[in-house]
Amino acid sequence: MNKVVTSKEAILAASRSIVMEKGISAVNMRSVADACSIAVGSLYNYFPSKAELLSAAVEDVWRDIFHMGDCTKFDSFSDCLIWLFERVQKGCARYPGFFTFHSVSFAAGEKERGRLVMQQYFGHIKESLAQVLKNDGNVRPDAFGTGLTAEVFVDFIFTVFTSMLLNGQDNYRPLLEIVSRCIY
């Protein structure tokens, strides 16, 4: 085996390639070391365990999917949701099965770490959606109150959004209709 020196970035790029081609469950120390043409032992210099490698790979895929654009640039909450759906659809095409299966790849004691990485990115998305909603000048003044705050609304819409993803639904028009009727 070639014992070339590599970088953490090269290892993560190789991990992303494996996820694209074979799915997140194919990411392990040996497959990544082989893809990087390094010894498995060398990989441990960068990632002390499979859990660390898998967590970094999951985080890197989330970053690739969601940080290639910024939804806070939108003036309309609905336009931001459309962008988000399209972004996720591209991510699903690029990383088949990633959204539904990445947490399954972690061993029982390590699933919490995978869940935390996912929550981090979901939190980032919800914060961005809340900011766009706050800046949307077309929202009715009486759209929110004590029973339905803007934060609760964003959380609810995002919950429906992720449920749609997990169920393989790609028609986001009904959700946009609900948004439109509620806030415009």
Side-chain angles (χ1 to χ4, degrees), residues 1-73 80-129 155 157-172:
M1 173 162 290
N2 184 0
K3 309 264 193 287
V4 298
V5 177
T6 193
S7 68
K8 197 169 194 173
E9 292 77 24
I11 293 168
L12 292 174
S15 298
R16 273 195 321 273
S17 292
I18 292 169
V19 173
M20 282 184 220
E21 294 170 20
K22 300 176 185 171
I24 190 71
S25 61
V27 174
N28 59 56
M29 298 303 261
R30 181 157 310 285
S31 67
V32 174
D34 288 347
C36 294
S37 299
I38 61 172
V40 173
S42 297
L43 195 54
Y44 282 98
N45 291 325
Y46 297 95
F47 300 98
S49 68
K50 178 185 175 187
E52 292 285 328
L53 172 65
L54 203 49
S55 179
V58 166
E59 184 175 0
D60 199 49
V61 171
W62 282 116
R63 186 179 306 116
D64 185 48
I65 292 169
F66 290 113
H67 284 148
M68 292 182 76
D70 181 11
C71 72
T72 58
K73 65 185 175 193
C80 183
L81 276 179
I82 292 169
W83 175 85
L84 189 58
F85 265 104
E86 290 171 352
R87 198 69 218 127
V88 169
Q89 286 173 335
K90 287 178 184 175
C92 286
R94 188 170 180 165
Y95 301 101
F98 178 75
F99 289 94
T100 53
F101 296 112
H102 87 271
S103 62
V104 176
S105 299
F106 288 87
E110 301 161 347
K111 286 187 189 249
E112 181 66 15
R113 185 177 187 93
R115 191 181 64 73
L116 290 173
V117 170
M118 183 175 67
Q119 281 184 332
Q120 173 188 355
Y121 278 89
F122 283 2
H124 172 73
I125 294 166
K126 287 197 283 188
E127 287 172 14
S128 296
L129 286 170
D155 195 48
I157 294 300
F158 192 74
T159 299
V160 172
F161 173 84
T162 54
S163 176
M164 291 173 70
L165 286 176
L166 293 173
N167 289 311
Q169 297 174 327
D170 57 358
N171 180 8
Y172 53 82

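Quick caveat, the model's predicted, so the values are computed rather than measured.
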F47: which residues meet the ring pair (Phe, Tyr, Trp, His ring centres under 6.0 Å) condition with it, sequence neighbours left out? none
How far does CD1 of I11 sit from CG of D60, to the nearest 0.5 angstrom? 11.5 Å
Determine whether I38 and V32 make a side-chain contact, defined as any pair of heavy atoms from C-beta on separated by less than 4.5 Å. no
Shortest non-hydrogen contact from A14 to A35? CB-CB, 3.9 Å
Quick one: pull up CG in L53 and NZ in K8 and give me the separation to the nearest 0.5 Å. 10.0 Å
If you round to the nearest 0.5 Å, how far is NE2 of H124 from CZ of R63? 11.0 Å
Check: A51 main-chain N/O paired with S55 side-chain donor or acceptor under 3.5 Å: no
From T159 atom OG1 to K126 atom NZ, the distance as rounded to the nearest 0.5 Å: 6.0 Å
Distance in Å, M29 CE paired with L54 CG, rounded so as to fall on 0.5 Å steps: 10.5 Å
Which residues pass the ring pair (Phe, Tyr, Trp, His ring centres under 6.0 Å) test with F122, sequence neighbours left out? W62, F158
Close side-chain approach of V27 and V58, heavy atoms under 4.5 Å: no
List in chain and number order the residues that pass side-chain contact (heavy atoms from CB on, under 4.5 Å) with E21, two or more places apart in sequence or in another chain; answer none if no residue qualifies. S17
Which atom pair, heavy atoms only, marks the closest approach of N171 to M164? O-CE, 3.2 Å
Any idea which heavy atoms bring V40 and R30 closest together, and the distance? CG2-NH1, 3.6 Å
Does E52 reach the side chain of Y46, with side-chain heavy atoms less than 4.5 Å apart? no
Taking all non-hydrogen atoms of both residues, which atom of V19 and which atom of I24 are closest, and how far apart? CG2-CD1, 3.5 Å
Give the C-alpha distance, both sets of side-chain angles, the deciding distance and a yes or no for salt bridge (Lys or Arg N to Asp or Glu O under 4.0 Å) between E86 and K90. CA-CA 6 Å; E86 290 171 352; K90 287 178 184 175; over 6 Å; no
Taking the ring of F161 and the ring of Y172, is the distance between their centroids below 6.0 Å? no
Looking at every non-hydrogen atom in both residues, tell me the closest pair between D64 and R87 and how far apart they are. O-NH2, 3.5 Å
Nearest 0.5 Å please: distance from the CG atom of D170 over to the CZ atom of F85. 9.5 Å
Nearest heavy-atom approach of L129 to C80 is CD2-SG, 3.6 Å
